[in-house]
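Below: the structure, in structure tokens.
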There are 2 protein chains.
Amino acid sequence: MELRHLRYFCVVAEELNLTRAAAKLHMAQPPLSRQIKQLESEIGAELFERSARGLRLTPAGQFFHEHTLQILEKIDTTVAAAQRMARSKRVMFGIGFVPSVFYGQLPLLVRELRQKDNVELVLAELTTVQQVKALKSGRIDMGFGRMRIDDPDVEQENLFDEPLMAALPEGHPLADTTPTLAQLAEYPLVLFPAQPRPSLADIMLGLFRRRGLKVTVAQEANELQTALGLVASDLGITLVPEQVKRVRRDGIVYVYLADPGLTSPVICSRRKGEAPSPIMQEANAILEVLVENRRSGRYP
Amino acid sequence: MELRHLRYFCVVAEELNLTRAAAKLHMAQPPLSRQIKQLESEIGAELFERSARGLRLTPAGQFFHEHTLQILEKIDTTVAAAQRMARSKRVMFGIGFVPSVFYGQLPLLVRELRQKDNVELVLAELTTVQQVKALKSGRIDMGFGRMRIDDPDVEQENLFDEPLMAALPEGHPLADTTPTLAQLAEYPLVLFPAQPRPSLADIMLGLFRRRGLKVTVAQEANELQTALGLVASDLGITLVPEQVKRVRRDGIVYVYLADPGLTSPVICSRRKGEAPSPIMQEANAILEVLVENRRSGRYP
DNA sequence: GCTCCATGATACCTCCAGGGTATGGCTCGG
DNA sequence: CCGAGCCATACCCTGGAGGTATCATGGAGC
């Protein structure tokens with residue numbers, strides 16, 4: 001498959017007429033017809049329903065059209081941004097993050113950095129393990145995760161420890177209490193993220209295990225939203241970092257835990273032994289303020 | 001430019017060595033070299049710095065690499081999803097929305113619909129005007145906006161009226177009050193979205209004008225986040241729909257207005273005279289519950 | 001029910017561009 | 001100073017993208 005196919009497909013999907021589409025593309029109708037067929041056979045799905053009176057998009061074709069537009073759009077903006085960067089000596093700054101830190105201060109850091117007009121920000125959702133690799137390859141310059149990983153080329157800084165909270169379905173017996181882990185262990189658990197491991201899920205399991213508590217895992221989920229959905233549906237309870245409580249969802253209540261020291265750290269990773277670039281220095285300065293605010297409780 | 005270029009570029013950017021990259025791509029080195037040069041000349045930017053000892057990514061190249069990965073990834077997932085749809089007779093349901101409704105119940109609707117396994121959801125941020133066009137072309141099936149637009153093929157339903165609030169910088173004289181529009185008119189205004197018009201900005205201006213109040217527009221912004229940033233920086237104040245107060249930002253306070261009837265509607269658009277598909281029926285049912293919840297105040 | 005026309009599909013040809021081979025030129029390490 | 005690696009250039013070859021001519025089909029109009 002080539003971009004040609006996508007470009008042709010978009011025009012045909014708009015015109016729903018091969019002859020007209022071909023004219024618009026400044027080419028003859030037969031080769032266009034062939035390219036479309038080729039696209040369909042490569043994808044392995046019918047995108048159009050043919051009739052003697054023109055074409056109609058199948059549901060798959062409709063879907064493909066929508067996303068093809070987005071893809072072509074993204075290519076255009078990417079090329080344009082790369083050109084800008086080459087001309088203006090702007091520089092890229094890549095940030096990797098695990099989803100669970102994106103409910104806290106990270107958006108503030110991103111927002112601040114975006115304001116700088118000499119930096120092109122790139123965000124990538126990556127697991128902590130992937131972050132290490134991405135740091136080394138230069139794909140990102142800073143990573144935010146929740147796990148410590150030993151690597152000689154990467155240094156990790158513990159920004160702060162965030163309390164864990166329990167997410168319970170509304171009306172749960174423990175909903176208005178400050179339960180202990182032991183109390184929570186009585187109820188089935190929704191574990192997340194189940195994929196890819198190791199992850200916060202293992203930290204959660206470790207907390208129970210270290211206290212000699214046996215838990216029953218009712219359900220696994222890959223995304224926070226799914227996990228919360230399962231909790232709201234009363235399939236189980238789960239533990240989440242405090243920042244997640246910003247995600248208000250009908251049918252969910254968050255409660256603090258009685259056990260002291262039940263925390264999940266937020267860890268910033270950088271390449272070791274590298275002189276900080278100007279942008280890195282700016283990022284560090286912003287980060288310092290955010291962490292300070294957080295410690296002094298200015299952000300809930 | 002063709003996908004081939006992007007695929008090659010990605011491998012080269014990872015290997016940083018044309019010979020090895022060529023081997024990985026099962027091709028000879030010279031044609032690869034040529035394709036990369038061709039890509040660079042088409043983009044009009046150097047992506048690599050050549051040396052006798054291999055290649056290095058320029059900042060633009062780094063940026064391009066990151067986004068190229070995303071593009072290729074998106075193409076893969078799009079193709080896979082289209083295949084799934086063709087096999088399983090899933091159906092597409094497209095939703096268009098203006099940014100300001102995305103802070104309210106819309107995410108709940110999206111979340112519910114995503115759970116259905118016979119529907120492939122497509123979201124598109126579109127202005128109300130674009131939504132009408134997208135509805136007609138079948139790109140989306142339902143649109144959420146804040147403006148009434150007369151079109152014979154589209155029917156609009158007023159879901160509810162949402163109070164407007166003022167967003168003020170922290171410490172503003174009116175911060176702890178319930179001000180009137182007349183009081184607010186004394187201060188410079190941050191207008192948004194400035195592009196594309198017509199938009200909420202015109203509704204805001206209309207509210208002042210209809211009361212015979214003259215406002216000074218200190219600054220225009222295109223995005224909510226920018227607007228709030230400007231407000232936080234004390235460049236002016238602005239009006240926002242109530243749902244926006246979910247966006248907590250340091251340095252911003254939201255206050256209700258004293259004037260009654262200062263509201264911004266949330267309007268749902270659909271194609272007129274079309275028998276609702278099963279998915280549309282499900283969406284309508286969910287919507288009804290959400291609107292009911294909203295009216296009875298169960299969602300803040 | 002027949003014809004006509006619009007539209008997509010098929011057959012076959014042409015030619016350009018993508019890929020191959022051979023080789024040159026540069027830089028760094030020993 | 002020489003050899004090893006690496007990328008660039010020159011030149012050739014072939015597959016496939018695009019063109020032309022034509023066929024097949026089914027709905028509109030009489």
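Per chain, numbering begins at 1; letters A, B, ... match sequence-line order. Since the structure is predicted, the reported quantities are computational estimates derived from the model, not experimental observations.
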Per the end-axis method with five pairs at each terminus, what is the bend angle of the helix from C:dG1-D:dC30 to C:dG30-D:dC1, to 10°? 30°
Between B:L113 and B:I286, is there a side-chain heavy-atom distance shorter than 4.5 Å? yes
Name the nucleic acid region contacted by B:R34, choosing base, sugar-phosphate or nothing; use a 4.0 angstrom heavy-atom cut-off, strictly under. base
Going by heavy atoms closer than 4.0 Å, what residues in residues 7-23 of chain A are next to DNA chain D? A:Y8
Just do the side chain to side chain contact (heavy atoms under 4.5 Å, CB included) check on A:I267 and A:L159 with the steps written out, would you? CA-CA 6 Å; A:I267 291 164; A:L159 294 181; over 6 Å; no
Rounded to whole angstroms, how far apart are CD on B:E2 and P on C:dC16? 18 Å
Can you list every salt bridge (charged side-chain N to carboxylate O under 4.0 Å, His left out) pair that touches residues 35-47 of chain B, not counting sequence neighbours? B:E40-B:R50
B:K272 meets the side-chain hydrogen bond (donor to acceptor under 3.5 Å, both in side chains) criterion, sequence neighbours left out, with none
Could you state the CZ-P distance from A:F48 to C:dA9, rounded to the nearest angstrom? 10 Å
Using a 4.0 Å heavy-atom cut-off across all strands, classify A:Q38 as base, sugar-phosphate, or nothing. sugar-phosphate
Quick one: list whatever passes side-chain contact (heavy atoms from CB on, under 4.5 Å) with A:V11, sequence neighbours left out. A:E15, A:A21, A:K24, A:L25
Are any side-chain N or O atoms of A:N17 and backbone N or O atoms of A:G54, one a donor and one an acceptor, separated by less than 3.5 Å? no
Please determine if B:R20 and B:E14 form a salt bridge, counting it only when a charged side-chain N lies under 4.0 Å from a carboxylate O. no
Would you kindly compare B:R50 and A:H5 by the position of their nearest DNA chain D nucleotide and give the one closer to the 5′ end? B:R50
Name the closest nucleotide to the B:A28 side chain, picking from C:dA9, C:dT21, C:dG18. C:dT21
Can you tell me which residue pairs pass the salt bridge (charged side-chain N to carboxylate O under 4.0 Å, His left out) test with a partner in residues 64-75 of chain A, sequence neighbours excluded? A:E66-B:R139
Using only side-chain N and O atoms of A:K37, determine if any of them is under 4.0 Å from OP1 or OP2 of C:dT10. yes
What range of DNA chain D does chain B touch, first nucleotide to last, counting atoms under 4.0 Å from its heavy atoms? D:dC6 to D:dC11
Counting primed atoms, P, OP1 and OP2 as sugar-phosphate and everything else as base, the B/S/- map of nucleotides 23-30 of chain C against protein heavy atoms under 4.0 Å is ---BSB--
Side-chain contact test, heavy atoms from C-beta onward, threshold under 4.5 Å: evaluate it for B:V91 versus A:F63 and give yes or no. no
May I ask you to list the residues of residues 55-64 of chain B, by number, that have any heavy atom positioned under 4.0 Å from an atom of DNA chain C? none
May I have all residue pairs that pass ring pair (Phe, Tyr, Trp, His ring centres under 6.0 Å) and include part of residues 37-60 of chain B, sequence neighbours excluded? B:F9-B:F48
What residue pairs, at least two apart or across chains, pass side chain to side chain donor-acceptor pair (under 3.5 Å) with a residue in residues 273-287 of chain B? B:K116-B:E282, B:R270-B:N284, B:R271-B:E274
Protein-nucleotide distance (A:L32, atom CG; C:dT10, atom C1'), rounded to Å: 15 Å
To the nearest Å, how far apart are B:Q35 CD and C:dG19 C1'? 9 Å
Please confirm whether the backbone N or O of B:T58 pairs with a side-chain atom of B:E49, one donor and one acceptor, at under 3.5 Å? no
Hey, is B:R7 close enough to A:E2 for a salt bridge, meaning N to O under 4.0 Å? yes
Sorted by chain and residue number, the side-chain hydrogen bond (donor to acceptor under 3.5 Å, both in side chains) partners of B:Q156 (sequence neighbours excluded) come out as B:S269
Would you say the side chains of A:T128 and A:Q131 form a donor-acceptor pair under 3.5 Å? no
Contact check, side chains of A:R4 and B:L3, non-hydrogen atoms, under 4.5 Å: no
